[in-house]
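Whatever order the structure lists them in is the order used to number ligands and atoms, beginning at 1. This is a predicted model, so every value here is computed, not measured.
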Amino acid sequence: MRTTDKLYYLDQYLYQTEARIATLHAEAIELDRTVAFPEGGGQEADIGTIETPVGTFRFIWTKRLYGTPLSIEGFTGAKVGGVILHLVHPDDIDRLGALEVDMPVTITIDVERRARLTLSHTASHFLYAAALAHQSELKRLTIGCHIKEDAARFDFLVETPFNAEDVSAIQAEANRLMADNLPIITDHLPEHIDARFWQYGDLYIPCGGTHLETPDAVGPLQVRRKNIGKSKERLLCSFDQAHIDTSAYRVDTERHVETAS
Ligand SMILES: [Zn+2]
């Protein structure tokens, strides 16, 4: 079965690599390997460019298709294998016909956006952990999450709307957790590279997203609530003093190869 090597799992700081075209789709390019993180677990997708022998193509979204669900307890959403599609900018689609399978390319992601999504995703874990610490039943009432560059949010199905005291207690708890500035561990179970998790002190959540190594760059977290319909409450966090740092990102010069362990 065809799969794409997911270099972002081997090293989340790779922003560019050489690859080959694996398959051409009507509006997307599939490579044999990629550094572009697909939309998943609420985190928005990477965007960027693919330089080819016949010109540069912009991609405006990345998504993962297929894959087999992992049968490991607690990792119900995780999948093995699958392919990664880079959705081509509408203005570049008419040039897709000039591409051929096996052509060498260089793929580069928008590293500023990735750094922002990584910070936002990290912040979202503290918002969620603080919300659950405040009201543990929120875990089973969670109906969605969305992680954007400048904010992250979780939606809950609750009978009683959050009040100002709830919001301020959750914000205080999130900031208290981050103030410890412990190391954040992003890793996978020894059984499988796709069984990924986030860990911070005693907090542990299965998660395949990208994260900072410590929370300090997030700065103070601001939490708000919003009613988004009958019994639906949203908690949002933003971080207007965040420090975005792309200095750790680098080109893949070692030709990483994914070896599913
Ligand atoms: Zn995560």
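For the pair Asp166 (side chain) and Asn163 (backbone), a donor-acceptor distance under 3.5 Å is present.
With Tyr9 as the aromatic partner, Arg196 meets the cation-pi criteria of under 6.0 angstrom to the ring centre and within 45 degrees of the ring axis.
Under the salt bridge (charged side-chain N to carboxylate O under 4.0 Å, His left out) criterion, Arg116 pairs with Glu112, sequence neighbours left out. For Tyr204, the ring-ring contact (aromatic ring centres under 6.0 Å, His included) test picks out Phe197, with sequence neighbours left out. For Glu18, there are no salt bridge (charged side-chain N to carboxylate O under 4.0 Å, His left out) partners at least two apart in sequence or on another chain.
The tally of protein N/O/S atoms under 2.8 Å from the Zn ion (ligand 1) stands at 4.
The aromatic rings of Phe126 and Trp198 stand perpendicular to each other, their planes meeting at an angle above 60°, with 30° marking the opposite boundary.
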